[in-house]
Amino acid sequence: MANGAAVKPVVRFEIEDGIGIITIDNPPVNALGPGVRDGIIEALETGEADPAVKAMLMIGAGRSFIAGADIRQFGKPRAQPKRPVPDVLDASSKPVVAAIHGYALGGGLEHALACHYRVAVPSAKVGLPEVLIGILPGGGGTQRLPRLIGPRRALEMIVSGRHVPTEEAKALGIIDEILPGSDLRAEAIAYARGIADRRPLPRVRDKADRLEEARSDPGMFEDMRKAIARKAGKQKAPYHCIHCVEAAMTQPFDEGIATERRLFAELENTEEAKALRYAFFAEREVAKIPGLPKDLKLPEIKGAAVVGAGTMGGGIAISFADHGFPVKLLDASPEVLAKGLARIRNTYATSVRRGSLTQAEMDRRLALIEPVEGYEGIAECDAVIEAVFEEMPVKQEVFAKLDSVMKPGALLFSNTSALDIDAIASVTTRPEAVAGTHFFVPANVMKTFEVVNGAKTSPVTLATAMKLGRDIGKISAYAGNCDGFVANRTRIPFNLEQGLMVEEGAMPEQVDRVMVEFGYPVGPFAVNDMSGLDISYATRKRRAAADPNYRGLPITDRLVEMGRLGQKTGAGWYRYANNDRTPIVDPEVHQIIKTVVGELGITQKSFTDEEILHRLLFSSLNEACKILEEGKALRASDIDVMWLNGFGFPRYRGGLMYWADQIGARQVYNQVAIWHQRYGARWKPSALLHQVAEGGGSLREVAARMPS
Ligand code: 3H9
C-alpha cells in the first residue's frame with residue numbers, strides 16, 4: 001500500500017482448543033466479495049493439513065454470518081474462486097460447523113448447508129432470497145436444501161425468498177442446535193469440540209431420505225407454478241427456481257448442481273435481474289440524506305401518539321404496535337374512538353383467522369394501543385402523528401393544541417398527503433420540531449413512508465422521522481415541501497390521464513388489462529373501486545369550487561352521483577356479484593360513459609395498448625422530472641422506491657424512472673412534446689427531461705446530480 005497501512009484480511013484463521021476458527025470479516029454484512037471465498041478455501045486447506053485441528057468453525061465477525069454473494073459484483077466480469085467453497089467442504093475430512101448470528105442468506109446459507117453442522121443464536125435469520133433479485137441460489141442451495149428439509153418446504157423457501165427465524169429453521173432441520181448466543185464464539189467452539197470425533201461426517205449432498213419421502217407428491221412443482229403465476233407474471237427467476245428444485249428430485253447431485261449453474265448463468269444478466277438489483281440498492285440509498293451531520297444525536301422515541309382514530313390513524317397505530325411500540329390513540333369523539341378500536345381489533349382478528357398471527361401475539365399488540373379521549377393523555381409522548389381530516393384549518397387547530405400540551409422536545413408529525421407543512425408548522429411555537437410523515441393506504445401494510453422537510457424542520461427532527469419510519473418497518477423517503485409532495489404529486493397526472501382517456505375512447509377494462517399486463521397486480525380502475533370512488537369526489541368538488549379552470553372528471557362524478565361507489569356498493573367502474581371482489585365488465589358503465597361523453601361533445605377514438613401505457617406513465621414521469629429540477633426529491637431512485645413500495649409499480653421493472661431509462665429519454669421527450677402540442681400546458685416537458693434527451697445520458701444518473 002502506498003501509505004504503508006496494512007490491509008485487514010477479510011478472512012482470518014486461528015486455532016483454539018483444537019478447533020480451527022475461520023472468521024469472515026468483510027463489513028458491513030460479510031458479503032462474499034473479492035477474496036472472501038479464496039480466503040475461506042485457504043483457511044479450510046490450512047485446517048485440513050494441520051493435525052492439531054480436530055474440527056473447524058465458520059463464523060462471521062460484526063453483525064452477521066454471511067449475507068450472501070456480493071450483489072455489486074453481479075453483471076460484471078469478476079474473478080472466480082479457485083474452487084467452489086461447497087466442493088472444498090464436501091471434500092473435508094474434518095467436521096466444519098457454521099455458527100450463525102445475524103443473517104445467513106443466499107451464498108451465506110449455501111456455505112452453511114455445505115458445512116457438516118449448523119448452530120445459530122435465537123435472533124438469527126436464514127434464507128435463500130436470490131429470487132428477489134431475479135436470480136436463483138447458485139451455490140448449491142437448490143440441491144442441498146431439498147435434501148435437508150424436503151422439496152416441498154425447500155420450494156416454498158426458495159420461491160418466496162423469505163427470511164426464516166432460528167426457531168423455525170431448527171424445526172425444519174436447517175439448524176442442528178440453537179445456542180444461547182451470549183458468547184457465540186465460545187459456545188460454538190464447545191459445540192465443535194463435542195462433535196469433533198463423530199464419524200461418518202454428515203454431508204447434506206449424501207442425504208436421500210427427504211427426497212424419497214417426497215416422491216409420492218410429484219404434483220407439487222406444477223401446483224407451485226400455478227400458485228405463483230399471477231404474482232410472478234413474466235419473470236423467469238421463480239420458474240427457474242422451481243426447475244432446479246425439481247432437478248434435485250430427478251437428477252443425481254452433481255447433475256443437479258450443473259443444472260443449477262446453467263440456469264443461474266441464464267438469469268444473471270436478464271433485464272429483470274438488473275432492475276431488481278437496482279431496486280435493492282435504491283432502497284438502501286433512499287435512507288441517506290446528504291448534508292446531514294453524521295454525529296447528530298437523535299432523541300429516542302419510546303412511545304408515540306396518534307391523533308385521529310379513523311382508518312388512517314388506526315392503521316398507523318397498528319404499525320407502531322406491530323413493531324413493539326406503545327402507542328396512544330386519541331380521538332375527541334368516544335364513538336369514533338370505539339369504532340377505530342373495533343376496526344383495529346378486526347384487522348388483527350383477520351390475521352389470526354388466516355394463521356399469520358397467533359392469538360397471544362394479537363393480544364400483546366392490542367395491549368400496546370391505549371385509547372385516549374383528551375390531549376392531556378398524550379402530553380408525555382415522545383412523538384405524535386396527526387391523522388385527522390385533510391383540511392388545513394382542521395390540521396392547524398390540532399397542531400396549535402399539540403403545541404400547547406406536548407412536553408418540550410416532543411416531535412410533531414403530520415400525516416398530510418399534500419398540504420403545506422410550513423403552514424401547519426406556523427401555528428406552533430416549535431416549527432423546528434414539525435415534519436410531515438405521510439403513510440400510504442392501508443397504513444399498516446404499505447411500506448413507503450414519505451418524510452416531508454419543512455422550511456424550519458431541524459436536521460434532528462428530519463433524521464428522527466426517517467429513523468422512526470424504519471423502526472416501524474417502513475422505507476423512509478425524503479420529500480421537499482410542495483403541493484402533493486413527491487408521491488402524490490407524481491401520481492396525480494396518472495390519475496388525471498386515466499380519467500381523460502376514458503372520455504376520449506379507452507374503456508376502463510382495456511386500461512386495466514394494459515396495466516396488469518405491464519405488471520401491476522391490479523388495474524387502476526379496479527383499484528379505484530376498492531378504495532371507493534367517493535373519496536376523490538369531495539376533493540374534486542372542492543377544487544372545482546376554488547378554481548374555475550380546474551379539470552374535473554365528470555364520468556367518475558356521474559358514477560358517484562348514481563350511487564356506484566365501488567366494491568362497497570357492489571358497483572363502480574365494474575359490477576360485483578354476491579360479495580365477490582372479481583370485477584365484472586358492466587355494459588351500464590359503457591352507457592354512462594357514452595352519455596357523459598355525448599354531453600361533453602367529445603369525439604372518441606381508439607387507443608393502442610402502448611398509447612395507454614405511455615400516456616399514464618409519461619405524465620407522471622414528466623412531473624417527477626419537474627420535482628427533481630426543483631430539488632423536492634433527492635434522487636430519481638427515491639421516486640422509484642416510492643412507486644415500488646407505495647403504488648404497486650412492478651418491481652421487476654425497477655421503478656418509474658428506471659423504466660423510462662430503458663425506453664430512452666429522447667423517445668420519452670419526443671412523445672411528451674407531441675402531447676404538449678396536442679393537449680396543452682399540462683404536458684409541458686420538464687427542462688430536465690429535455691436536458692437528458694439532448695445530452696443522451698440516463699435520467700436517473702443526471703437527476704441525482706441536480707442541485708437541491
Ligand atoms: C447470492 O448469494 C448468490 C448465491 O446464490 C451464489 C452465487 C454463486 N452484497 O440492507 P442494509 C450492503 S445473491 C453487497 O442496509 P440491514 C447494503 O447495500 C445475495 N452489498 O442492512 C448496505 O450498504 P450501504 C443473496 C450488500 O441490516 C449494507 O450492506 N443475499 C449485500 O437492514 C447494509 O445493508 C441477499 O440477497 C450483498 N449481498 O439488512 C441479501 N447485502 O451501507 C441482501 C447487504 O453502502 N441483503 N449489502 O448502503 C439484505 O437483504 C440485507 O442487506 C440484510 C441486512 C438483511 C442482510
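All residue numbers refer to positions in the sequence shown, counting from 1. Values below: all heavy atoms of this structure, side chains included; hydrogens, waters and symmetry mates excluded. Atoms within each ligand, like the ligands themselves, are counted from 1 in listed order. Just so it is clear, the structure is predicted and the values come from calculations on it, not from any experiment.
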Before signing off on this row, confirm whether [X] and ligand 1 have an N or O atom pair separated by under 3.5 Å.
X	result
Ala67	yes
Glu110	yes
Pro137	no
Ile133	no
His163	no
Gly138	yes
Arg284	yes
Pro28	no

### Phe65 and His101 aromatic centres sub-6.0 Å
no

### Query
Do Phe449 and Phe439 make the cut of ring centroids closer than 6.0 angstrom?
yes

### Task
Take atom 29 (O) of ligand 1 and look for protein heavy atoms under 4.0 Å from it; say yes if you find one, no if not.
yes

### Query
Does the side chain of Val451 reach to within under 4.5 Å of the side chain of Tyr478, using non-hydrogen atoms?
no

### Task
May I ask you to test the Ile639-Val486 pair for a side-chain heavy-atom distance under 4.5 Å?
yes

### Query
Out of His111, Arg72, Glu285, Glu130, whose heavy atom sits nearest atom 45 (O) of ligand 1?
Arg72

### Message
Regarding atom 52 (O) of ligand 1: of the candidates Phe280, Tyr103, Phe264, which has the closest heavy atom?
### Response
Phe280

### Query
Short list, please: which atoms of ligand 1 are under 4.0 Å from a heavy atom of Gly106?
2 (O), 25 (C)

#### Entry: Numbered atoms and elements of ligand 1 in range of Phe74, under 4.0 angstrom, heavy atoms
3 (C), 13 (S)

Are [X] and [Y] within salt-bridge range, i.e. N to O under 4.0 Å?
X	Y	answer
Asp87	Lys82	no
Asp209	Lys207	yes
Glu268	Arg78	yes

Protein heavy-atom partner closest to [atom] - residue, atom, separation in Å:
atom	answer
atom 38 (N) of ligand 1	Ala69 O, 2.9 Å
atom 14 (C) of ligand 1	Asp70 OD1, 3.1 Å
atom 9 (N) of ligand 1	Ile71 N, 2.9 Å

Donor-acceptor pairs under 3.5 Å, side chain of residues 168-177 to any protein atom, not counting sequence neighbours: which ones?
{"residue": "Glu168", "atom": "OE1", "partner": "Arg162", "partner atom": "NH1", "Å": "3.2"}
{"residue": "Glu168", "atom": "OE2", "partner": "Arg162", "partner atom": "NH2", "Å": "2.7"}
{"residue": "Asp176", "atom": "OD2", "partner": "Arg118", "partner atom": "N", "Å": "2.7"}

Considering only heavy atoms, does [X] approach ligand 1 within less than 4.0 Å through its side chain, its backbone, both, or neither?
X	answer
Lys125	neither
Val29	side chain
Pro129	side chain

### Query
Are Lys288 and ligand 1 in contact, using a heavy-atom cut-off of under 4.0 Å?
yes

### ligand 1 contacted by Arg63 (non-hydrogen, < 4.0 Å)
yes

### Query
What residues, two or more places apart in sequence or in another chain, satisfy side-chain contact (heavy atoms from CB on, under 4.5 Å) together with Asp640?
Tyr278, Leu656, Met657, Tyr658

### Task
Verify salt bridge (charged side-chain N to carboxylate O under 4.0 Å, His left out) between Arg364 and Glu361, making sure each step is shown before the conclusion.
CA-CA 5 Å; Arg364 201 184 62 76; Glu361 188 55 29; 2.8 Å; yes

### Task
Look at the rings of Phe440 and His438 and say which category their plane angle falls in: under 30° parallel, 30 to 60° tilted, over 60° perpendicular.
parallel

### Message
How close do Trp659 and Phe649 get, counting heavy atoms only, and between which atoms?
### Response
CB-CZ, 3.9 Å

